[in-house]
Amino acid sequence: MTKKECRQKYLTLRNEIPASEKAEFDKILTDKILSLPEFESAQCVLLFASIGSEVDTWGVFSECIRQNKKVYFPKCIDGERMEFLRTASKNDFTVGKYGIPEPTSDEKYISNSKNDLGLIPALAVGKDFSRLGYGKGYYDRFLKDFQGISVCPVYPQQLCESVPTDEFDIPPKIIITPTDLIRR
């Protein structure tokens with residue numbers, strides 16, 4: 001199966017999750033992320049602004065703010081890269097490229113500590129730590145220099161044995177589903 005076919009398959013599977021089941025999964029995933037020792041020790045947390053059927057990251061965001069952690073969200077800068085900007089409120093966003101909320105601040109993420117935690121979106125992940133993103137390569141370009149812990153939260157329907165990859169794809173360090181926690 002090609003990457004394009006895989007993306008369509010897993011997007012369809014994710015979109016078909018009933019709203020009540022998705023809400024339950026999101027609560028479990030949020031609790032699991034918040035209970036990670038890596039989350040507890042992180043001073044800086046990088047999140048993606050979830051939209052549509054993506055794993056909800058807003059509960060993690062709220063808890064980060066409550067715990068006074070520095071929180072950063074991505075902003076597309078050009079067709080090639082993104083940078084993470086600090087955000088302290090849900091009001092600090094505007095609709096950006098691809099219809100995704102992007103931060104309005106200009107305080108760039110520069111920490112890059114081994115204790116930083118980054119949640120990474122995916123359409124599917126393999127138990128072999130292969131990750132299928134949306135196909136633009138933004139996260140892979142960012143992750144190649146990221147020193148922190150990358151965590152890929154997904155629904156059970158998005159976890160498989162393996163997905164197609166190429167030499168530019170960067171695997172996450174932790175995969176979380178409502179029933180699994182897999183570390184590399």
Side-chain angles (χ1 to χ4, degrees), residues 1-15 29 33 38 42 44-58 60-61 70-87 93-114 116-155 157-177 182-184:
M1 186 179 307
T2 67
K3 278 188 171 188
K4 183 178 180 179
E5 292 166 335
C6 241
R7 282 187 185 96
Q8 188 55 54
K9 172 187 174 179
Y10 286 100
L11 179 59
T12 299
L13 285 171
R14 191 180 75 192
N15 286 340
L29 286 166
I33 292 164
E38 293 88 350
C44 296
V45 178
L46 286 66
L47 299 175
F48 59 93
S50 55
I51 59 170
S53 63
E54 289 182 320
V55 168
D56 189 302
T57 58
W58 298 106
V60 174
F61 175 61
K70 292 181 180 178
V71 187
Y72 299 83
F73 283 86
K75 180 175 183 170
C76 293
I77 302 305
D78 52 36
E80 293 283 315
R81 64 186 181 93
M82 65 181 177
E83 58 189 17
F84 283 80
L85 302 172
R86 188 164 179 195
T87 307
F93 290 89
T94 187
V95 177
K97 195 168 186 164
Y98 310 112
I100 300 169
E102 291 185 339
T104 55
S105 94
D106 57 4
E107 184 180 335
K108 294 179 184 178
Y109 168 75
I110 54 173
S111 169
N112 211 8
S113 161
K114 291 183 179 182
D116 294 347
L117 185 80
L119 294 190
I120 309 303
L123 286 168
V125 291
K127 293 177 183 174
D128 63 353
F129 292 91
S130 53
R131 176 187 158 272
L132 185 68
Y134 291 91
K136 301 292 184 194
Y138 285 101
Y139 277 90
D140 292 311
R141 282 188 289 281
F142 174 77
L143 287 172
K144 75 178 169 108
D145 297 319
F146 181 61
Q147 300 298 310
I149 305 295
S150 55
V151 178
C152 203
V154 293
Y155 302 123
Q157 295 86 335
Q158 297 174 273
L159 182 65
C160 58
E161 290 303 316
S162 184
V163 294
T165 61
D166 61 39
E167 73 268 18
F168 302 111
D169 293 326
I170 308 292
K173 293 183 180 165
I174 299 173
I175 299 168
I176 297 179
T177 75
I182 308 167
R183 293 176 180 276
R184 180 163 62 94

Quiz item: Which is it for L46 and L117 under the side chain to side chain contact (heavy atoms under 4.5 Å, CB included) test, yes or no, and what are the steps along the way?
Solution: CA-CA 6 Å; L46 286 66; L117 185 80; over 6 Å; no
Quiz item: Under 6.0 Å from the NZ atom of K3, do we count more than 12 heavy atoms belonging to anything else shown?
Solution: yes
Quiz prompt | Distance in Å, K136 NZ paired with Y98 OH, rounded so as to fall on 0.5 Å steps | solution = 4.5 Å
Quiz item: Is a side-chain N or O of D169 found less than 3.5 angstrom from the main chain of D166, in a donor-acceptor match?
Solution: yes
Quiz item: By side chain to side chain contact (heavy atoms under 4.5 Å, CB included), which residues pair with S111, not counting sequence neighbours?
Solution: C44, Y109, S113, D116
Quiz item: Any side-chain heavy atom of V125 within less than 4.5 Å of one from L132?
Solution: no
Exercise. Look at E107 together with R86 and state whether they make a salt bridge at an N to O cut-off of under 4.0 Å.
Key: yes
Exercise. Establish, yes or no, whether a centroid distance under 6.0 Å links the rings of Y134 and Y139.
Key: no
Self-check item: Which atom of V55 lies closest to which atom of Y155, heavy atoms considered
Solution: CA-OH, 3.2 Å
Quiz item: What is the distance from atom CG of D140 to atom CD1 of I120, rounded to the nearest 0.5 Å?
Solution: 9.0 Å
Quiz item: Taking atom CD1 of I100 and atom CZ of F73, what is their separation to the nearest 0.5 Å?
Solution: 12.0 Å
Quiz prompt | P171 backbone acceptor or donor facing R184 side chain under 3.5 Å | solution = yes
Quiz item: What's the spacing between I51 CD1 and E54 CD if we round to 0.5 Å?
Solution: 5.5 Å
Quiz prompt | E38/K114 ion pair, N-O < 4.0 Å | solution = no
Quiz item: When rounded to the nearest 0.5 angstrom, what is the spacing between OG1 in T57 and CG in L47?
Solution: 5.5 Å
Quiz item: Between F48 and W58, is the ring centre distance below 6.0 Å?
Solution: no
Exercise. State, to 0.1 Å, how close S105 and L85 come at their nearest heavy-atom pair, and which atoms those are.
Key: O-CD1, 3.2 Å
Exercise. Could you tell me whether a side-chain N or O of T87 sits under 3.5 Å from a main-chain N or O of P103, the two making a donor and an acceptor?
Key: no
Exercise. Check the pair K127 / L159 against side chain to side chain contact (heavy atoms under 4.5 Å, CB included), numbers first and verdict last.
Key: CA-CA 7 Å; K127 293 177 183 174; L159 182 65; 4.0 Å; yes
Practice problem: Please identify each residue that fulfils side chain to side chain contact (heavy atoms under 4.5 Å, CB included) with R141, with sequence neighbours left out. | Solution: E80, Y138
Quiz item: Quick check: does any side chain N or O of D128 sit under 3.5 Å from a backbone N or O of S162, one acting as donor and the other as acceptor?
Solution: no
Practice problem: Could you tell me whether the side chain of R7 and the main chain of G133 form a donor-acceptor pair under 3.5 Å? | Solution: yes
Report, one line per pair, each donor and acceptor closer than 3.5 Å where one atom sits in a side chain of residues 143-154; sequence neighbours left out.
{"residue": "Q147", "atom": "NE2", "partner": "D145", "partner atom": "O", "Å": "3.4"}
{"residue": "S150", "atom": "OG", "partner": "K173", "partner atom": "N", "Å": "3.1"}

Exercise. Would you mind reporting whether F142 and M82 have side-chain heavy atoms less than 4.5 Å apart?
Key: yes
Quiz item: Short question: side chain of S130, backbone of V163 - any donor-acceptor pair under 3.5 Å?
Solution: yes
Quiz item: Just checking, any donor-acceptor pair under 3.5 angstrom between side chains of S53 and R14?
Solution: yes
Practice problem: Using atom types as modelled and distance alone, determine if a side-chain donor or acceptor of Q157 lies under 3.5 Å from a backbone N or O of Y10. | Solution: no
Quiz item: From F93 CZ over to E102 CD, what is the distance, rounded to the nearest 0.5 angstrom?
Solution: 10.0 Å
